[in-house]
Amino acid sequence: MSPHRPPEPVQVIKQRRDAALQALVSAVPYIGFLGLHFDRRGDELTAVMPFDEKLIGNPELPALHGGATAAFLEVTAVIGLAWAHYWPQFESGALDPEAVAGGQLPRLPKTIGITVDYLRSGLPRDAYARAEVTRSGRRYASVRVEAWQDNRTRPIAQATAHFRMPLPPRDTTQGEGAA
Amino acid sequence: MDETQALEIARQFISSLPHARALGMSVVQIGPGRASFSMPYDERLIGDPETGVMSGGAVSALLDTTCGAAVMSHPEMAGLTATLDLRIDYMRPAVPGQALRAEAECTHVTRSVAFVRARALDDDDENPVATAAGAFTFTKREDMA
């Protein structure tokens, strides 16, 4: 790869990044079940959980089910971590978004444990979440994730999760940054 | 209240929760401060497309619901409960194709908080898929004579 390569047109870059994200997200059936999607700004992701009747726990309040909130946080953490982990490989071309979309999926991090704090009752409306990788090593990673609804400064729940990272594939280890 | 009545109330409880219904949860057992619920294997709940293992999120939802039911079934409980915090440790992947069963028990209650422990199992009763420890809101009955 020449360092004097002209910059790529912005549409090409956007198209590649969005295809990579879409491939990663659409591979997980449970993300579809919850109805989640991810907004991307550069490398920053915001997960969106549009309100749906089936996410309700207590129909009398009504409030989001604690399990739906926990699942939302966990999925946001998994995708956020995988995205941060594979981003350099999508950018360098080591991972091809079209191949990923075609079913050659990179492996996802495995959850070791998650601690969810419920801060406020989840209202029957859309929820948003962002994950922050607080520690990313070769074998383990830690992620903090926060969910909110109408007001960014009044989160409904937060979580810390630990993950076991996927081992690098046998043939492309040279592109892997050490932790 | 006899066991049959308690089971019936628990069935009504679970079927009144849209999210529990969407995940196909059903009551296995209910007792004072205890609950056991199951959730069938469902391809829509897969979290790892490579292996077909159900998502940790679905396991969390089952554990949270079962813990909540254990709190609701506590003899000193008056009112409704909500999760304050829930910690889940994933010991091993659930075997694809097998239903999951969660067992929860209130270990202690104060006037305002119930502490609950739970585990999730597939067909292997010896090795849990996941364990959970949580704190839930609790309202102690004042009329306990």
Side-chain angles (χ1 to χ4, degrees), chain A residues 24 26-36 52-79 103-122 124 157-164 166, chain B residues 13-25 37 39 42-69 71-72 79-93 102 129-137:
Chain A
L24 209 58
S26 62
V28 182
Y30 190 61
I31 295 180
F33 176 83
L34 289 174
L36 308 188
D52 188 291
E53 196 58 41
K54 73 165 186 282
L55 302 173
I56 287 289
N58 186 330
E60 277 162 45
L61 295 175
L64 291 182
H65 192 287
T69 304
F72 180 44
L73 290 170
E74 183 172 347
V75 168
T76 302
V78 172
I79 294 297
Q104 286 173 269
L105 287 171
R107 306 178 96 172
L108 294 175
K110 301 256 193 291
T111 317
I112 298 168
I114 182 166
T115 304
V116 181
D117 301 326
Y118 294 87
L119 306 172
R120 292 178 179 84
S121 176
Q158 64 189 12
T160 312
H162 300 281
F163 295 91
R164 191 161 55 72
Chain B
F13 165 75
I14 202 169
S15 64
S16 75
L17 309 179
H19 192 59
R21 221 168 38 222
L23 291 166
M25 290 182 205
F37 286 4
M39 181 173 76
D42 185 333
E43 286 179 355
R44 293 175 307 159
L45 308 182
I46 291 173
D48 186 348
E50 194 186 6
T51 57
V53 171
M54 275 204 275
S55 167
V59 181
S60 302
L62 175 66
L63 284 163
D64 182 67
T65 308
T66 313
C67 288
V71 175
M72 293 297 294
L80 295 171
T81 186
T83 320
L84 288 168
D85 67 52
L86 190 66
R87 177 199 163 106
I88 299 175
D89 293 315
Y90 295 97
M91 269 73 191
R92 64 175 176 90
V129 166
T131 61
F136 287 72
T137 63

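Quick caveat: nothing in here was measured; it's all calculated off a predicted structure. We use all heavy atoms of the structure for the numbers below, so side chains are in, but hydrogens, waters and symmetry mates are not. Below, chains carry the letters A, B, ... as their sequence lines are ordered, and counting in each starts from 1.
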Engaged part of B:Ala58 at the chain A interface, taking heavy atoms whose separation is under 4.5 Å
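Both parts, backbone and side chain.
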
Heavy-atom distances under 4.5 Å only: say whether B:Leu80 touches chain A with side chain, backbone, both or neither.
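Just its side chain gets close to chain A.
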
Taking B:Ser60, B:Gly47, B:Ala130 one by one, which has the highest count of heavy-atom pairs under 4.5 Å against chain A?
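Looking at each option in turn, the highest pair count goes to B:Gly47.
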
Shorter than 4.5 Å, heavy atoms on both sides: which option in B:Arg44, B:Glu43, B:Arg87 has the most such pairs with chain A?
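It is B:Arg44.
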
side-chain contact (heavy atoms from CB on, under 4.5 Å) for A:Leu108 and B:Glu50? Distances and angles first, verdict last.
CA-CA 9 Å; A:Leu108 294 175; B:Glu50 194 186 6; over 6 Å; no

Where do [X] and [Y] come nearest, in terms of heavy atoms and distance?
X: B:Pro49; Y: A:Leu105; value: CG-CD1, 3.5 Å
X: A:Val28; Y: B:Ile46; value: CG1-O, 3.6 Å
X: B:Thr83; Y: A:Tyr118; value: O-CB, 3.0 Å
X: A:Phe33; Y: B:Leu23; value: CE2-CD2, 3.6 Å

How long is the span from the [atom1] atom in [X] to the [atom2] atom in [Y], to the nearest 0.5 Å?
X: B:Asp89; Y: A:Ile112; atom1: CG; atom2: CD1; answer: 9.5 Å
X: B:Asp48; Y: A:Lys110; atom1: CG; atom2: NZ; answer: 4.0 Å
X: B:His19; Y: A:Leu34; atom1: NE2; atom2: CG; answer: 6.0 Å
X: B:Arg21; Y: A:Glu53; atom1: CZ; atom2: CD; answer: 8.0 Å

Within a 6.0 Å radius of atom CZ on B:Arg92, are there more than 12 heavy atoms belonging to other residues, nucleotides or ligands?
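Yes, CZ of B:Arg92 has more than 12 neighbouring heavy atoms, counting only those of other groups under 6.0 Å.
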
For the interface with chain B, which of A:Gly57, A:Ala70, A:Ala157 has the highest count of heavy-atom pairs at distances below 4.5 Å?
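Max contact count across the listed options: A:Gly57.
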
Using a 4.5 angstrom heavy-atom cutoff, name the option from A:Val116, A:Leu64, A:Thr160 with the most pairs to chain B.
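Option with the greatest count: A:Val116.
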
Looking at B:Leu86, B:Leu84, B:Asp85, which hits side chain to side chain contact (heavy atoms under 4.5 Å, CB included) with A:Asp117?
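The passing option is B:Asp85.
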
Whatever's closer than 4.5 Å to a heavy atom in chain B on A:Leu55 counts as both

